[in-house]
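Below: the structure, in structure tokens.
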Amino acid sequence: MKTSSMLRSFPAVLAITLCAYGLSAHAQAPADPAARPASAAKADEGVVDKTKRVTKNAAAGTKRVANKATDATKRGANRAAGAVRNTGEKIGEKVPPGPNDGKIDSTGQPKTTP
């Protein structure tokens, strides 16, 4: 009976993954919190402050990029609308007048007699 190579390599991949998670958890867990020097507590505060600063910068950057994307979309929409209007006007110039065109003003409304 043949087994695919994926099924044969699955136990090895699973073992490596479990080892990686175990090493990561071991590295993050403090050995003895009471034995940590006072300078480590200050270093932790620096990390927290740095994380806050980086988070604020990332949020500001995201907002800046979103605003730029919004402005670019607006500009593109305005240009596309202008192109459609211009195309419509050029087509309208080439279309011959119809039998009822004399009864319609330039805005497309029926002419009223004063």
Side-chain angles (χ1 to χ4, degrees):
M1 178 155 124
K2 292 184 178 181
T3 59
S4 70
S5 62
M6 188 176 92
L7 288 176
R8 283 183 285 181
S9 63
F10 183 72
V13 171
L14 183 63
I16 291 172
T17 304
L18 291 175
C19 288
Y21 280 120
L23 288 174
S24 175
H26 179 71
Q28 292 177 6
D32 184 14
R36 293 176 58 190
S39 62
K42 289 180 183 177
D44 286 345
E45 289 176 17
V47 170
V48 170
D49 292 338
K50 185 175 181 180
T51 303
K52 286 181 182 178
R53 182 176 48 80
V54 169
T55 303
K56 285 182 183 178
N57 289 344
T62 302
K63 186 176 180 181
R64 210 171 31 248
V65 169
N67 287 338
K68 286 181 180 183
T70 301
D71 292 341
T73 303
K74 286 180 183 177
R75 281 194 306 271
N78 286 337
R79 288 178 183 165
V84 168
R85 276 191 299 274
N86 290 340
T87 303
E89 289 171 1
K90 288 181 182 180
I91 291 172
E93 291 172 358
K94 294 181 180 183
V95 173
N100 293 327
D101 282 350
K103 299 176 186 174
I104 299 174
D105 65 4
S106 63
T107 61
Q109 301 297 321
K111 287 184 182 176
T112 57
T113 56

Can you list the other members of the hydrophobic cluster that holds Ile91, where links are side-chain heavy atoms under 4.5 angstrom apart?
Val95

Arg53: side chain to side chain contact (heavy atoms under 4.5 Å, CB included) partners, not counting sequence neighbours:
Lys50, Asn57

So, using side chain to side chain contact (heavy atoms under 4.5 Å, CB included) as the criterion, who are the partners of Thr51 when residues are at least two apart?
Val47, Thr55

